[in-house]
Engineer: 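For reference, the structure I am asking about is given below.
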Amino acid sequence: MKSHFKILFWLLALSFLSVGLKNFEIGLNNDGPLYSAISRNIITSGDWFSLDGWVPEFRNYAEHPHLGFWFIAAVFKILPITDSSARIPGHLFFVFFLLFYYGLIKRLSSEKSAVWAILILIVWRSFSNCFSSVFLDPGLLALVTAGLFIFDKALVENRKVWHLLSGICLGTALLIKGLAIAQYLPVFLSFYLLRRRQTKLYYLIFFVLGFLSVVIPYISLTVLNCKFPFFQTYWQRQVAQRVAKTYSFKELLNLNLWSLLLKETYFLALLVPFSLFQRNKSWGYWISFLLAISFFLFYSPNFAYGAQYWLHLFPWLAWMIAESYLSKLPIKSESLIRTTTIFSIFAVWFVQYSSISIHHTTGTEELRIKN
């Protein structure tokens, strides 16, 4: 119990340093102003199904499902409608993700690999920056990571309840980012093939039931309550107009993709190809490898990389680097946790009371949040 408390305190300290600094400042990046405006309009209109961005091109908003906006709207229902309130779901998802990410790597690789992987992600600033703004991808990543962790418990312990819970996690992820969960479906299948042991095939029925127990009520309520054909509009905009017209494997040859990846990982990504030649790899290494490959097959050919899209690649690169190189250093994980916890506390205190600006970018004027 004492060890679990230390891990939790360590993750909270890292989380506050990475995504919680100066949350009182004004400033939202990229999609944040639009998502916040939609969530604000849910509260002011009382309509939780007909999403409205209050600008002509986003009056009938159907680019993403509802749950991510409901999370922000729920915060707005309790707290003042401000930039700092809009960022709170991202903060919570960061802690939620780190807990299951640490647990997943510890189960499939080692505790030392888990500690090093988290420290790498903290160093890669573009990763944590997405959690400190208002994006939908943090919720998707956190829930899928939780789903993988629980799914592994289901396969190893052969218990129906874990299959049910992992399906619920994946279904909830779909309610946040829609068909973006398609990237992770082959990984769940690979997980089953690699880790099934004595799991009976019919146990997967409970996984499907968990998934459907979330998705079916959502679809039914949306069809009944939305004032425009939400799912037809979603399919037309996201699949027919976007993916079907722009998806091309030639994008994998785009040098900008690879140069940006090297730059934002501080060239640590160069270590990944060499790690493939190392021996005695764990199950975790191959799962992280599959997750990385899924990113390049799903997102990159659709011109979706950089910014929040890195969230679906960086954790798996960090995992491979941590297991292949850093976990072999003669440094105890307890020492790493203690040292970085102390550093985080002092760094938070210093930055919080310094003149350093954290949230300084705002969106377009017509989409800015108003009290």
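Note that these values count all heavy atoms, side chains included, but never hydrogens, waters or copies made by symmetry.
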Engineer: Would you call Asp52 and Ser45 a side-chain contact if the rule is heavy atoms closer than 4.5 Å?
Structural biologist: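 Not in contact.
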Engineer: Give the cluster check for Phe274 versus Phe267: same hydrophobic cluster or not, with ILVMFWY residues linked at side-chain heavy-atom distances below 4.5 Å.
Structural biologist: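 Hydrophobic grouping puts Phe274 apart from Phe267.
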Engineer: Could you check whether any side-chain heavy atom of Leu260 comes within less than 4.5 Å of a side-chain heavy atom of Trp310, counting everything from C-beta outward?
Structural biologist: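 Yes, side chains in contact.
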Engineer: Tell me whether Arg40 forms a cation-pi arrangement with Phe76, defined as NZ or CZ under 6.0 Å from the six-membered ring centre and within 45 degrees of its axis.
Structural biologist: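 No; the conditions do not both hold, so Arg40 does not lie above the ring face of Phe76.
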Engineer: Quick check against the 3.5 Å criterion: does Glu111 have a side-chain atom that pairs as donor or acceptor with the backbone of Lys106?
Structural biologist: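 Flag not set: sc Glu111 to bb Lys106 has no pair under 3.5 Å.
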Engineer: How long is the span from the NE2 atom in His64 to the CZ atom in Arg237, to the nearest 0.5 Å?
Structural biologist: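 Result: 11.5 Å between the selected atoms.
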Engineer: With rounding to the nearest 0.5 angstrom, report the CZ to CZ distance, Phe131 to Arg87.
Structural biologist: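 The CZ atom of Arg87 is 15.5 Å from CZ of Phe131, to the nearest 0.5 Å.
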Engineer: Give me the atom names and distance for the closest heavy-atom approach of Ile122 to Phe94.
Structural biologist: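 Result for this residue pair: CD1-CZ, 4.0 Å.
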Engineer: Quick one: CZ on Phe191 to CG on Leu148, what's the gap to the nearest 0.5 Å?
Structural biologist: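 The CZ atom of Phe191 sits 5.5 Å away from the CG atom of Leu148.
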Engineer: About how many Å separate NZ of Lys332 and OG1 of Thr339, when rounded to the nearest 0.5 Å?
Structural biologist: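 It is 12.5 Å, given to the nearest 0.5 Å.
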Engineer: Are the side chains of Val223 and Ile219 in contact, using a 4.5 Å heavy-atom criterion?
Structural biologist: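 Yes, side chains in contact.
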Engineer: Minimum heavy-atom separation for Val144 and Leu170, please, with both atom names.
Structural biologist: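 Between these two residues, the closest heavy atoms are CG2-CD1, 4.4 Å.
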Engineer: Tell me whether the centres of the aromatic rings in Phe289 and Trp286 are closer together than 6.0 Å.
Structural biologist: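 Under 6.0 Å, so yes.
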Engineer: Any link between Leu329 and Ile321 through a network of hydrophobic side chains (Ile, Leu, Val, Met, Phe, Trp, Tyr) touching at under 4.5 Å?
Structural biologist: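 Yes, Leu329 and Ile321 fall within the same hydrophobic cluster.
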Engineer: Strictly distance-based, threshold 3.5 Å: is any side-chain N or O of Ser85 a donor or acceptor partner for the main-chain N or O of Ile81?
Structural biologist: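 Absent.
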Engineer: State, to 0.1 Å, how close Ser36 and Leu28 come at their nearest heavy-atom pair, and which atoms those are.
Structural biologist: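 It is OG-CD1, 3.5 Å.
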Engineer: Write down the atom of Pro315, the atom of Phe127, and the distance for their closest heavy-atom approach.
Structural biologist: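 Nearest pair, atom of Pro315 first, then Phe127: CG-CE1, 3.6 Å.
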Engineer: Quick one, Glu334 and Lys6 - any side-chain contact, counting heavy atoms below 4.5 Å?
Structural biologist: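 Glu334 does not reach Lys6 side chain to side chain.
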Engineer: May I ask you to decide if His312's main-chain N or O and Trp316's side chain share a donor-acceptor pair within less than 3.5 Å?
Structural biologist: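 Here the side-chain-to-backbone pair exists.
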Engineer: Rounded at 0.5 Å granularity, tell me how far CZ in Phe96 sits from CG in Leu141.
Structural biologist: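 If we round to the nearest 0.5 Å, Phe96:CZ and Leu141:CG are 10.5 Å apart.
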Engineer: Where do Leu108 and Tyr285 land on the side chain to side chain contact (heavy atoms under 4.5 Å, CB included) test, with the steps shown first?
Structural biologist: CA-CA 8 Å; Leu108 300 182; Tyr285 179 92; over 6 Å; no
Engineer: If Ile, Leu, Val, Met, Phe, Trp and Tyr residues are connected whenever their side-chain heavy atoms lie under 4.5 Å apart, and connections chain through other members, are Phe295 and Leu271 in the same group?
Structural biologist: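 Yes, it is one cluster - the side chains of Phe295 and Leu271 are joined through contacts under 4.5 Å.
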Engineer: Yes or no on side chain to side chain contact (heavy atoms under 4.5 Å, CB included) for Asn225 and Trp48, after CA distance, side-chain angles and deciding distance?
Structural biologist: CA-CA 8 Å; Asn225 292 281; Trp48 289 72; over 6 Å; no
Engineer: Is it the case that over 12 heavy atoms from other parts of the model lie below 6.0 angstrom from the CZ atom of Phe228?
Structural biologist: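 Result for CZ/Phe228: enclosed.
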Engineer: Between Leu12 and Ile88, is there shared hydrophobic-cluster membership here, with clusters defined by ILVMFWY side-chain heavy atoms closer than 4.5 Å?
Structural biologist: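 In one cluster with Leu12: Ile88, no.
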Engineer: Do His66 and Phe230 make the cut of ring centroids closer than 6.0 angstrom?
Structural biologist: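 So the answer is yes for these two rings.
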Engineer: Once rounded to the nearest 0.5 Å, what's the spacing between atom CD1 of Ile176 and atom CG of Leu143?
Structural biologist: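 Going from the CD1 atom of Ile176 to the CG atom of Leu143 covers 5.0 Å.
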Engineer: How about Phe49 and Trp70: are their ring centres within less than 6.0 Å of each other?
Structural biologist: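 Yes; Trp70 has its ring centre under 6.0 Å from that of Phe49.
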Engineer: Does the Lys281 side chain pair with the main chain of Leu276, one donor and one acceptor, at a distance under 3.5 Å?
Structural biologist: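 Answer holds: yes.
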Engineer: Hey, is the main chain of Ile205 close enough, under 3.5 Å, to the side chain of His163 for a donor-acceptor pair?
Structural biologist: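 A pair under 3.5 Å: no.
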Engineer: Whether the side chain of Trp116 engages the backbone of Leu326 through a donor-acceptor N/O pair (distance < 3.5 Å, no angle test) should be reported.
Structural biologist: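 Pair found, side chain donor or acceptor close to backbone of Leu326.
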Engineer: Would you say Ser275 and Tyr325 make side-chain contact, with heavy atoms under 4.5 Å?
Structural biologist: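 Sidechains of Tyr325 and Ser275: in contact.
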Engineer: Quick check: closest heavy atoms across Ser166 and Gly147, and the distance to 0.1 Å?
Structural biologist: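 That closest heavy-atom pairing would be CB-O, 3.6 Å.
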Engineer: Less than 6.0 Å separating the ring centroids of Trp258 and Phe296?
Structural biologist: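 That pair passes the under 6.0 Å test.
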Engineer: Would you mind telling me which of Ile337, Leu119, Thr341, Val348 makes a side chain to side chain contact (heavy atoms under 4.5 Å, CB included) with Leu14?
Structural biologist: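 Of Ile337, Leu119, Thr341, Val348, side chain to side chain contact (heavy atoms under 4.5 Å, CB included) with Leu14 is met by Leu119 alone.
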Engineer: Would you say that Leu268 contacts Trp124 through its side chain, given a criterion of any heavy-atom pair below 4.5 Å between the two side chains?
Structural biologist: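 Yes, close enough: below the 4.5 Å cut-off.
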Engineer: Do Ile331 and Ile105 sit in the same hydrophobic cluster, where Ile, Leu, Val, Met, Phe, Trp and Tyr count as joined when their side-chain heavy atoms come under 4.5 Å apart?
Structural biologist: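 Cluster IDs for Ile331 and Ile105 match.
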Engineer: Does the side chain of Gln183 pick up a donor-acceptor pair with the side chain of Lys177 at under 3.5 Å?
Structural biologist: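 Absent: no donor and acceptor within the cut-off.
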Engineer: Under 6.0 Å between ring centres, would you say that holds for Phe350 and Phe346?
Structural biologist: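 No; Phe346 has its ring centre 6.0 Å or more from that of Phe350.
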Engineer: Using modelled atom types only, decide if a donor and an acceptor are shared between the side chain of Glu323 and the backbone of Ser282 within a distance under 3.5 Å.
Structural biologist: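 A pair under 3.5 Å: yes.
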Engineer: Hey, does Ile72 have a side-chain heavy atom less than 4.5 Å from the side chain of Val134?
Structural biologist: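 The answer is yes; the side chains approach within 4.5 Å.
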Engineer: Among Leu261, Leu291, Ile120, Leu121, which residue meets the side chain to side chain contact (heavy atoms under 4.5 Å, CB included) test with Leu317?
Structural biologist: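 Checked Leu261, Leu291, Ile120, Leu121 against Leu317; only one passes side chain to side chain contact (heavy atoms under 4.5 Å, CB included): Leu261.
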Engineer: A quick test of your reading: do over 12 heavy atoms of other residues, nucleotides or ligands sit less than 6.0 Å from OH of Tyr266?
Structural biologist: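 Atom OH in Tyr266 is crowded, with more than 12 foreign heavy atoms closer than 6.0 Å.
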Engineer: Taking it one step at a time, do Tyr61 and Leu34 satisfy side chain to side chain contact (heavy atoms under 4.5 Å, CB included)?
Structural biologist: CA-CA 10 Å; Tyr61 187 87; Leu34 173 61; 3.9 Å; yes
Engineer: For the backbone of Trp319 and the side chain of Ser288, can you confirm whether one donor and one acceptor N or O come within less than 3.5 Å of each other?
Structural biologist: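 Between the backbone of Trp319 and the side chain of Ser288 there is no qualifying donor-acceptor contact (under 3.5 Å).
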Engineer: Could you check Leu311 against Phe97 for side chain to side chain contact (heavy atoms under 4.5 Å, CB included), going step by step and ending with a plain yes or no?
Structural biologist: CA-CA 11 Å; Leu311 266 65; Phe97 161 74; over 6 Å; no
Engineer: Can you confirm whether more than 12 heavy atoms, excluding those of Phe277, are under 6.0 Å from its CZ atom?
Structural biologist: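 It does not: Phe277 CZ has 12 such atoms or fewer within range.
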Engineer: For the residue pair Phe188 and Tyr192, establish whether any side-chain heavy-atom pair is separated by less than 4.5 Å.
Structural biologist: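 Phe188 does not reach Tyr192 side chain to side chain.
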Engineer: Do you know which two heavy atoms are closest between Phe298 and Leu179, and how far apart they sit?
Structural biologist: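 Closest approach of Phe298 to Leu179: CZ-O, 3.7 Å.
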